[in-house]
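Naming: A, B, ... by sequence-line order, numbering from 1 per chain. As the structure is a computational prediction, the values presented were derived from the model and not from experiment.
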Protein chains: 2
Amino acid sequence: MNGKRLGIRDIARLAGVAPATVSRVLNGQKLVSEETRRRVEEVIRTLDYVPDATARALSVRQTKTIGTVVPTVDNAFYASGISAAQKYLAANGYTLLLATSDYDPELEFEQVRNLVGRKVDALILRGADHSPVLLQFLAGHGVPWVAVGSYSPQSPFPSVGIDNHAAGFRACTHLIDLGHRRIGLLGARTGNNDRARGRVRGAKDALAGAGLPLPEHWVFEVGAGLDDARQTAKALLAEPARPTAVVCTTDLIAFGVVLECARSGLSIPESLSVIGIGDLEWSRHIQPALTTISIPTKEVWRRACDFLVHSLAGGNVCQHFECGFELTVRETTASPAIARSA
Amino acid sequence: MNGKRLGIRDIARLAGVAPATVSRVLNGQKLVSEETRRRVEEVIRTLDYVPDATARALSVRQTKTIGTVVPTVDNAFYASGISAAQKYLAANGYTLLLATSDYDPELEFEQVRNLVGRKVDALILRGADHSPVLLQFLAGHGVPWVAVGSYSPQSPFPSVGIDNHAAGFRACTHLIDLGHRRIGLLGARTGNNDRARGRVRGAKDALAGAGLPLPEHWVFEVGAGLDDARQTAKALLAEPARPTAVVCTTDLIAFGVVLECARSGLSIPESLSVIGIGDLEWSRHIQPALTTISIPTKEVWRRACDFLVHSLAGGNVCQHFECGFELTVRETTASPAIARSA
DNA sequence: CTGAAAGCGCTTACAG
DNA sequence: CTGAAAGCGCTTACAG
């Protein structure tokens, strides 16, 4: 269209007012006469002027942007959270700055550093389990942040999520209630991951509470990704003395077990009961449909954003929010009695 | 830590140099003496100073940020692309600004407007099928962009992706080659979506080329989402005179058919052959494993980013890049003869 | 090799 | 209600 980029000064000139006035109508301030406002808006519209948000950011010291770093978005669980967050933020005038860490704490820090340099108004981080130096960095730079995924009322930092210990406990209890006595445990890596740790502990506590043993060879630590899950499932199935049921720390892990059983002709739940945690979209579509602990992931992220948006606006918001979860019984769990009669 | 935010001036003062010098070491310019550089870096390190990227952006007129707007990230297909893009960009000093449109062109425009206001250096948009006013807006503001997902050599704008017509053609041809004569077509909505349109036309052309009819009631237009796919699949199965095979424009749609057949006890491929396009992670895990056209989605996005990064750096890059696809035969397609003998 | 100064495009007291 | 001026935190010719 025209030679160089349009600025607020151009609009001002064409509307016959001062830049300050244009700025006022841009920001919807009341102290502008109806007539002036109309004139300015007219010029803005005809020229298709879009104010430079980076310049504004420099002036007002806020970018209206929230950063987040997740391990990967290539995983239904994170994708769903990211999606919900993005929508909520967009609806509130914010934009999501996305970074991924590939499960690497070093990379996570680097990404946080980058995001902070880009002056995000706040950060959403997975879990409350971060290195002291990261925490100190955030504090030193005065960047607000919220831990998403685990409800950590004892943490000095805001958090929103479920009680992971309770979720692991509930999942395991379901199996125990069905009559299982030989229960295995497939958990995500617990290093640097308070959510996985909470779930694993919850399941173990349930077992201990019921006086059930948990032999070393019935607990597996599984990597991220469906292929890792299948790998582990294969190892489990190779066990000569198999458990009659397994609690999986995530649905993805449970998928691996279900898929691997199908591959080796082992019928679920007759030969093995499996329960997951998460309730992804595929959980109800897979055959047999997965019994799991349903986590309102989208709500969790939405609330995390909500917390940030409100506290950035100066509101006084509750620091910790616990989201509920519930047991969703589908087709992968049954009483071990079924196995005998089968 | 300290009272107010650290600025380049603080570093300069503490290092006993001018802000310009600090700027020079920050940007790795050669024209700084070793000793000065070391001194400045020392101060930066001890104070954990992170330069303000928004201020820099205002000065150098580039934000080192790339925006993208996709329908949703809550879909394995997009999630995978976004993920690849984010990684590639991060590795090259860029950050991804993510926006979603929920399949709404109006919202897409609004998001583009927002991203442009945030001064993204360039944009990645899905497909080449955009409204003239959007195109004009982008041109007027001088924002470079690349269409991702379809190879459109005739388009005046850069594109990277596969030849969707050819993909649809190939999928349908596979079915024809197996001996099918009654072939249905389940396609994603084609409005505002050149990729879906290309695939549908490709399949139709293959049918026409083989002299096969395509009755009205064998073609379905299906909404986004797995549930929509199952809905459509249900309608298909209810048809009294069913086709013996269907080509699905996306794997997600094919999943719907596979899942719905399982639910109603229809065996695949004996009673129905189904082929998808995409090859998502689940395609090889689902039972039976899906025959499909494999698209290197991550590579497509990586190349789109690569194009942008290089052309922003002033390089002369090829405007259109075609990615290859290939037929991956798994378990959901077979000759119709099998049905008779079954 | 290093510094002083102007400028990037906005916003916001401060006057009027 | 409106404008002139200073400032946000960097970078970059221009001098030296």
Side-chain angles (χ1 to χ4, degrees), chain A residues 2-41 43-44 47 49-65 93 114 116-121 141-142, chain B residues 2-41 43-44 47 49-65 93 114 116-121 141-142:
Chain A
N2 24 73
K4 52 190 56 173
R5 243 70 278 161
L6 239 34
I8 199 173
R9 267 187 293 251
D10 301 300
I11 304 299
R13 184 162 27 79
L14 294 179
V17 298
T21 302
V22 176
S23 173
R24 292 194 184 94
V25 349
L26 244 21
N27 294 294
Q29 291 190 242
K30 282 277 66 174
L31 28 145
V32 181
S33 79
E34 241 339 283
E35 204 228 303
T36 310
R37 170 184 309 279
R38 200 144 24 219
R39 194 143 37 91
V40 173
E41 281 173 343
V43 176
I44 290 179
L47 267 57
Y49 165 68
V50 179
D52 183 328
T54 71
R56 163 166 235 276
L58 187 57
S59 232
V60 304
R61 324 266 44 236
Q62 67 157 316
T63 54
K64 282 288 187 176
T65 178
N114 176 25
V116 167
R118 284 168 189 277
K119 296 298 165 191
V120 292
D121 295 337
H141 287 266
Chain B
N2 24 72
K4 52 191 53 176
R5 243 69 277 160
L6 238 37
I8 198 172
R9 265 186 295 249
D10 301 300
I11 305 300
R13 184 164 24 81
L14 296 179
V17 298
T21 302
V22 177
S23 173
R24 291 194 185 96
V25 350
L26 244 20
N27 295 293
Q29 292 190 238
K30 283 278 69 178
L31 28 145
V32 181
S33 77
E34 244 336 286
E35 203 231 302
T36 311
R37 169 183 312 278
R38 200 143 25 218
R39 192 143 36 90
V40 172
E41 279 172 345
V43 176
I44 290 178
L47 265 57
Y49 164 67
V50 178
D52 183 330
T54 72
R56 162 163 237 276
L58 188 57
S59 232
V60 304
R61 325 272 36 242
Q62 66 157 317
T63 56
K64 281 287 185 179
T65 175
N114 175 26
V116 168
R118 285 169 188 275
K119 297 296 164 189
V120 291
D121 294 337
H141 287 265

Review point. Is the closest side-chain heavy-atom distance between L26(A) and I11(A) below 4.5 Å?
Key: no
Revision key, fill the gap. Sorted by chain and number, sequence neighbours left out, salt bridge (charged side-chain N to carboxylate O under 4.0 Å, His left out) with R13(B) holds for D10(B)
Revision key, fill the gap. Here the salt bridge (charged side-chain N to carboxylate O under 4.0 Å, His left out) pairs for residues 17-30 of chain B, sequence neighbours left out, are none
Review point. Relative to the 5' end of DNA chain C, which residue comes earlier, N27(A) or K30(B), by the nucleotide with the nearest heavy atom?
Key: K30(B)
Point to revise | For E35(A), salt bridge (charged side-chain N to carboxylate O under 4.0 Å, His left out) partners two or more places apart | key: R39(A)
Study note, to complete from the structure: Rounded to whole Å, CD of Q29(A) lies from C1' of dC1(D) at a distance of 12 Å
Check your understanding: Tell me: CD of E34(A) to C1' of dT2(D), nearest whole Å?
Key -> 15 Å
Practice item. Could you list the residues that satisfy side-chain hydrogen bond (donor to acceptor under 3.5 Å, both in side chains) with D121(A), not counting sequence neighbours? Key: T63(A)
Practice item. Kindly express the pairing pattern of DNA chain D in dot-bracket notation, using | wherever a base pairs with another strand and counting only Watson-Crick or G-U pairs under 3.5 Å. Key: |||.||||||||.|||
Practice item. Return the value, rounded to whole Å, for the distance between atom CZ of R118(A) and atom P of dC10(D). Key: 15 Å
Revision key, fill the gap. Q62(B) CD to dT12(D) P, in whole Å, measures 10 Å
Practice item. With the side chain of Y49(A) defined as its heavy atoms from C-beta on, choose the nearest nucleotide among dG9(D), dT2(D), dC10(C). Key: dC10(C)
Check your understanding: Counting only side-chain N and O atoms of T21(B), is one of them less than 4.0 Å from OP1 or OP2 of dG3(C)?
Key -> yes
Practice item. Enumerate the residues from residues 51-60 of chain A whose closest heavy atom to DNA chain D is under 4.0 Å, giving them by residue number; use none for an empty result. Key: L58(A), S59(A)
**Study point:** Nucleotide dC10(C), atom P - distance to CZ of R5(A) in whole Å
**Key:** 12 Å
Exercise for review: Mind checking side-chain hydrogen bond (donor to acceptor under 3.5 Å, both in side chains) for T54(A) and listing every partner two or more places apart, or none if nothing turns up?
Suggested key: D52(A)
Exercise for review: May I ask you to evaluate whether S23(B) reaches the phosphate of dT11(D), defined as a side-chain N or O under 4.0 Å from OP1 or OP2?
Suggested key: yes
What does the list of N/O pairs under 3.5 Å between the protein and nucleotides 13-16 of chain C look like, with a distance for each?
residue : atom : partner : partner atom : Å
dA13(C) : N6   : R24(A)  : NH2          : 3.3

Point to revise | N/O (side chain, R61(B)) to phosphate O (OP1/OP2, dT11(D)) under 4.0 Å | key: no
Point to revise | Partner residues of R56(A) under the side-chain hydrogen bond (donor to acceptor under 3.5 Å, both in side chains) criterion, sequence neighbours left out | key: N27(A)
Review point. Got a sec, which residues hit side-chain hydrogen bond (donor to acceptor under 3.5 Å, both in side chains) with S33(A), two or more places apart in sequence or on another chain?
Key: T36(A)
Check your understanding: Side-chain contact, heavy-atom cut-off 4.5 Å: V17(A) with V25(A)?
Key -> no
Point to revise | Whole angstrom value for the distance that separates C1' of dG9(D) from CG of L26(B) | key: 11 Å
**Study point:** Spacing of K119(A) atom NZ relative to dC8(D) atom P, expressed in whole Å
**Key:** 13 Å
Point to revise | Flag side-chain contact, heavy atom, 4.5 Å: R118(A) against T65(A) | key: no
**Study point:** Contacts of type salt bridge (charged side-chain N to carboxylate O under 4.0 Å, His left out), residue R9(A), not counting sequence neighbours
**Key:** none
Study note, to complete from the structure: Result for 5'-nearest mapping on DNA chain C, choosing between V32(B) and V22(A), is V32(B)
Study note, to complete from the structure: Residue set satisfying side-chain contact (heavy atoms from CB on, under 4.5 Å) with L14(B), at least two apart, ordered chain then number -> V43(B), L47(B)
Point to revise | Atom pair distance, as rounded to whole Å: CD1 in I8(B) and C1' in dT12(D) | key: 12 Å
Review point. Taking the side chain of A18(A) as heavy atoms from C-beta outward, which of dG3(D), dT12(D), dT2(C) is closest to it?
Key: dG3(D)
